[in-house]
Amino acid sequence: MAVEPSHLSAPVFRLREDELPPELILSIERILDLHAQGDSDPLSRLTNDFNPIGVLNDYFPDEAALGQLEAVQSRLAESERMLQSEIDSLREELRKDQDPSRMQLIQEMISDLLGQMSRIREKATESEAVVRNITKEIQVLDLAKKNLILSMTTLKRLQMLVNAMSQLDDQIKERKYHDIVQSLAAVKQIGTSFKPYTSVRRISQLWRRIQEVQVELRSMIDADWDKFYMQDPAKPIKPSVVADACLVVDVLGPEIRAQFVERYVALELKEYRRIFRATDEAGQLDNLSRRFAWFRRLLQTHETEQGRVFPADWKVGWFLTAKFIEITRDDMTALLSKAGSKLTVKQLLDTLQETIEFEASITRKFGTSLRELLKATTPSNATRPLKPITSAFEPHMGVYIDAQDKVLSDMLAQYRGPKSRSSLEVTSSTEDDEATPVLVLPSSTELFYFYARTLEQCAKLFTGQPLYDLCSLFKKWLKIYAEEVLVASMKKPSTIGRRSMDARYDVNELKNACTLINTADYCQTTALELEENIRDKCDEAFKEKITLQDERDLFVSAISAAILIMLRELDSACDPALTTLSRTAWATVKHVSGQSAYVEPLVKAIEEVAETVKPLVEQKKYLRNFFDKAANAVLAKFTNALVKSRPLMEIGAEQLLIDLQAIKACLLKIPGEALTTSNYTKSVTKHTTRLEALLKVIVTPVDPAEGFILNYTLVIGDASFSNFQKILDLKGTPKAEQNDLLDSFLTVTSTKSELESTSFLSSLDMDPGQVSTLTSPGNSRAGLGGSTGESILAALSSPPLTGAPSSGSDTPPRQDQSGRREVFSDFKRFVSFGLRRETLPP
């Protein structure tokens with residue numbers, strides 16, 4: 001017997017008001033050791049979630065348990081007595097522990113302890129004061145000792161400085177640079193320690209004297225250097241004296257050394273500035289080699305004569321080279337800008353090549369890159385970084401780019417324009433009929449060979465903006481080659497008008513289309529490699545901008561256009577046989593006698609086209625694409641020819657079934673084992689199976705009508721009024737009989753709710769015009785993913801998602817979401833059916 005919770009809701013809410021904090025519950029459990037006891041009795045657990053209803057239900061799970069009520073009451077009463085006894089014993093123990101005299105004794109002991117701690121703290125404070133008084137005099141003595149030591153040290157240093165200054169003055173008078181090095185270094189080092197004491201008059205005078213001595217030394221060294229450099233015979237200066245003077249310059253400081261080196265470099269290049277002025281003949285672009293030859297001689301003289309006096313770590317040769325490069329680069333910038341449009345690409349490349357060779361020789365000579373040399377010699381206060389001489393040519397590389405543009409224009413001129421000779425014609429005119437056909441146009445390989453050579457040449461010169469501009473030029477001519485050479489060579493009058501029985505396909509057109517496919521594939525593949533090559537060579541700032549994707553897409557479009565050309569020729573090859581089919585009078589055929597006469601030439605034409613293109617297309621993926629579209633195109637034209645040849649009659653439909661099997665076998669065979677895919681086989685089988693279903697329905701006799709209609713619903717699987725009428729039209733059923741059959745069709749299908757409202761017949765065009773499988777290739781950008789002829793094969797594909805009627809037939813819409821199947825999808829069809837019933841004969 002379970003107790004209803006609603007009867008005890010009020011007490012539960014009163015208990016909630018007196019809930020114990022969780023911390024208190026945990027403390028009580030820990031003191032009473034409730035968890036250790038492991039008691040499963042809910043009355044022994046201390047919790048705020050105590051549920052008396054659950055406890056009562058545990059004691060009395062059903063009505064039969066009420067018979068044990070007295071036993072339960074006695075058990076609970078016993079538990080209550082035991083708990084009360086335990087509580088009483090605990091209270092007694094607590095009363096004993098809380099004896100007032102015992103508590104008072106504890107408090108007195110605590111008070112004594114606090115008093116002792118206070119006295120200890122006072123004594124510690126007194127001891128600290130005594131120690132501080134004892135050590136006070138010692139601290140004063142320590143400070144005096146420290147000041148005395150500092151004073152003695154300072155005085156000793158001052159004495160050393162005065163002695164060193166006196167010694168330095170004597171050495172300066174005698175120009176003993178070798179001794180001056182050590183004395184000056186000692187004076188500067190000791191003098192640094194007196195800088196904080198410059199407020200003292202004596203030290204201030206000594207500090208000023210040190211500065212005056214350094215100025216005096218610099219002037220003396222400059223005068224001796226001028227005598228040495230000018231090689232005055234009246235007052236010769238030995239190289240060893242100047243070498244020691246350079247060591248003194250090193251002691252004077254890096255700024256003095258930099259000024260000294262700069263002065264020497266200016267003296268050395270003074271003659272260079274005079275001889276190779278940009279306004280004189282010697283300073284023109286044609287005489288750039290004379291500049292480099294002059295500097296090589298100067299560098300050799302520097303290393304064998306004056307330069308030997310400089311310390312090796314000064315690297316004076318680096319500074320001399322850097323200054324020469326700076327002057328020459330500025331001159332080249334002015335000369336190139338002055339040349340303007342008169343600058344020829346030969347002159348540009350010749351001077352640039354000479355510059356590159358010179359900079360390479362400098363790199364080899366000093367064993368470091370030119371950029372590192374310039375970076376190491378750039379002054380800290382420079383307003384612009386030093387750049388190599390070749391940087392002056394970079395803004396003028398447009399001359400080189402324009403020259404390559406003209407070369408490319410001349411290279412492809414014979415293949416472009418309305419009066420140009422097609423690349424295909426040039427190729428075909430140079431080969432015999434027996435020779436191996438050209439798979440890729442030579443013009444494309446010549447183009448990319450030129451690209452590779454030009455890229456390599458430009459990358460050796462510059463990898464920045466000029467290389468990016470060259471990439472833009474490559475993109476321009478790839479686009480021109482794709483549009484004005486490849487696609488333009490495929491433009492020819494449409495073959496829609498070739499309807500005569502004598503029409504044949506053009507083998508040369510097929511071969512040319514195959515060559516174009518191979519060429520366009522080669523171009524788009526090589527363009528990707530070219531893009532990666534340019535990206536590897538160019539600077540980091542231009543890597544993200546380098547892309548040839550748009551140009552590669554143009555070549556893919558050219559491949560699509562070439563495949564359309566192949567399909568056009570296939571269309572021309574099949575046209576005579578299918579024209580024969582469309583003109584066949586099936587009403588006159590009395591019996592089935594093997595394949596029809598048009599089948600053999602049709603199969604032969606398909607096989608000839610396939611055998612022509614298979615060895616000529618290198619990439620199998622394009623052949624697979626062509627065969628997919630070719631199968632769709634052939635079946636589309638066969639379907640239209642079949643519709644045109646109606647009425648088919650039963651014998652005609654039976655004959656067409658045999659013909660269809662031969663065509664299907666041909667289509668499945670033409671790709672060969674290497675090119676046949678499961679998707680291709682499924683596609684051909686799918687479309688031919690639907691054509692077979694159409695013909696099998698037509699083969700079925702109309703008498704009895706119920707059997708004919710039942711066969712239609714089983715084979716076609718829809719309840720479309722218009723689709724059934726298409727079958728009757730194709731079959732050639734007289735109008736009078738059609739009305740009865742249509743009435744019976746409505747009667748039968750109205751009870752078959754499982755039938756669909758549309759099928760593959762919904763899109764069958766009963767009035768097909770002239771079929772063209774392609775448009776002008778010049779305007780075609782068809783992707784390789786689609787299948788040409790899909791719109792033609794709409795009659796054999798799945799029904800459309802919308803209820804839009806196709807040309808020549810009324811296509812009822814699909815059944816709506818509620819699953820309702822409409823027999824009359826619009827008012828016009830309903831009126832037409834009513835008029836037909838009124839015109840029935842009595």
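Fair warning: this is a prediction, and the values are worked out from it, not measured in the lab.
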Can you tell me how far the [atom1] atom of [X] sits from the [atom2] atom of [Y], to the nearest 0.5 Å?
X    : Y    : atom1 : atom2 : answer
T351 : M332 : OG1   : CE    : 7.5 Å
I563 : F626 : CD1   : CZ    : 8.5 Å
L602 : K637 : CG    : NZ    : 10.0 Å
L578 : I663 : CG    : CD1   : 7.0 Å

4.5 Å side-chain heavy-atom contact, [X] and [Y]:
X    : Y    : value
L478 : L554 : no
M566 : V609 : no
Y400 : T454 : yes
D718 : F760 : no
I534 : F474 : yes
L667 : I670 : yes
S337 : H396 : yes
Q347 : K342 : no

Between K406 and D402, is a salt bridge (charged side-chain N to carboxylate O under 4.0 Å, His left out) present by the stated rule, with each step listed?
-> CA-CA 6 Å; K406 188 176 185 305; D402 294 341; over 6 Å; no
Is it true that a side-chain atom of [X] and a backbone atom of [Y] form a donor plus acceptor pair closer than 3.5 Å?
X    : Y    : value
K475 : L548 : no
S762 : S759 : yes
E394 : F462 : no
N518 : L616 : yes
R535 : I546 : yes
K726 : L761 : yes
T579 : D575 : yes
T526 : C523 : no
Y481 : S444 : yes
E551 : K479 : no

### Derivation of the side-chain contact (heavy atoms from CB on, under 4.5 Å) call for N723 and I716
CA-CA 9 Å; N723 289 349; I716 304 301; 5.7 Å; no
Looking at every non-hydrogen atom in both residues, tell me the closest pair between L349 and Q457 and how far apart they are.
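Scanning both residues completely, I find the closest heavy atoms to be CD1-NE2, 4.1 Å.
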Requested in this report: For residues A459 and K537, report the shortest heavy-atom separation together with the two atoms involved.
Outcome: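 Closest heavy-atom pair between A459 and K537: CB-CD, 3.6 Å.
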Looking just at side-chain N and O atoms, do [X] and [Y] make a donor-acceptor pair shorter than 3.5 Å?
X    : Y    : result
Q661 : Q595 : no
S572 : D506 : no
Q655 : D659 : yes

> Taking C514 as the fixed residue, which of I565, V617, L623 is the one that meets the side chain to side chain contact (heavy atoms under 4.5 Å, CB included) rule?
Replying inline: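 Only match with C514 under side chain to side chain contact (heavy atoms under 4.5 Å, CB included): V617.
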So for atom [atom1], which belongs to [X], do other residues, nucleotides or ligands contribute more than 12 heavy atoms lying within a distance under 6.0 Å?
X    : atom1 : answer
E600 : CD    : no
K604 : NZ    : no
Q549 : CD    : yes

* Asked: Could you walk me through whether R646 and D729 pass the salt bridge (charged side-chain N to carboxylate O under 4.0 Å, His left out) check?
  -> CA-CA 8 Å; R646 68 181 186 275; D729 290 344; 5.9 Å; no
Please assess D628 against R624 for the test salt bridge (charged side-chain N to carboxylate O under 4.0 Å, His left out), listing each intermediate value before the final yes or no. CA-CA 6 Å; D628 287 342; R624 293 191 186 101; over 6 Å; no
Suppose the criterion is side-chain hydrogen bond (donor to acceptor under 3.5 Å, both in side chains): which pairs have a residue in residues 664-678, not counting sequence neighbours?
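Of all non-adjacent pairs touching residues 664-678, those that pass side-chain hydrogen bond (donor to acceptor under 3.5 Å, both in side chains) are E607-K669.
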query = With ring centroids as reference points, do Y522 and F448 lie under 6.0 angstrom apart?
reply =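 So the answer is yes for these two rings.
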Residue pair I698, L648: steps toward the side-chain contact (heavy atoms from CB on, under 4.5 Å) verdict:
CA-CA 8 Å; I698 297 175; L648 303 181; 3.7 Å; yes
Checklist line | side-chain contact (heavy atoms from CB on, under 4.5 Å) between L694 and L730, intermediate numbers included | finding: CA-CA 10 Å; L694 172 66; L730 289 173; 3.8 Å; yes
Would you check, one step at a time, whether the test salt bridge (charged side-chain N to carboxylate O under 4.0 Å, His left out) holds for D405 with K476?
CA-CA 9 Å; D405 189 14; K476 169 188 171 182; 3.1 Å; yes
- Item | Contacts of F542 that satisfy ring-ring contact (aromatic ring centres under 6.0 Å, His included) - sequence neighbours left out |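 F542 satisfies ring-ring contact (aromatic ring centres under 6.0 Å, His included) with Y468 once adjacent residues are dropped.
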Query - Results of side chain to side chain contact (heavy atoms under 4.5 Å, CB included) for T584 - residues two or more places apart only - result: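 If we apply the side chain to side chain contact (heavy atoms under 4.5 Å, CB included) test to T584, skipping adjacent residues, the hits are W586.
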Check: Do T612 and E569 pass the side-chain contact (heavy atoms from CB on, under 4.5 Å) test, and can you show the C-alpha distance, the side-chain angles, and the key distance before you say yes or no?
Finding: CA-CA 11 Å; T612 302; E569 296 307 317; over 6 Å; no
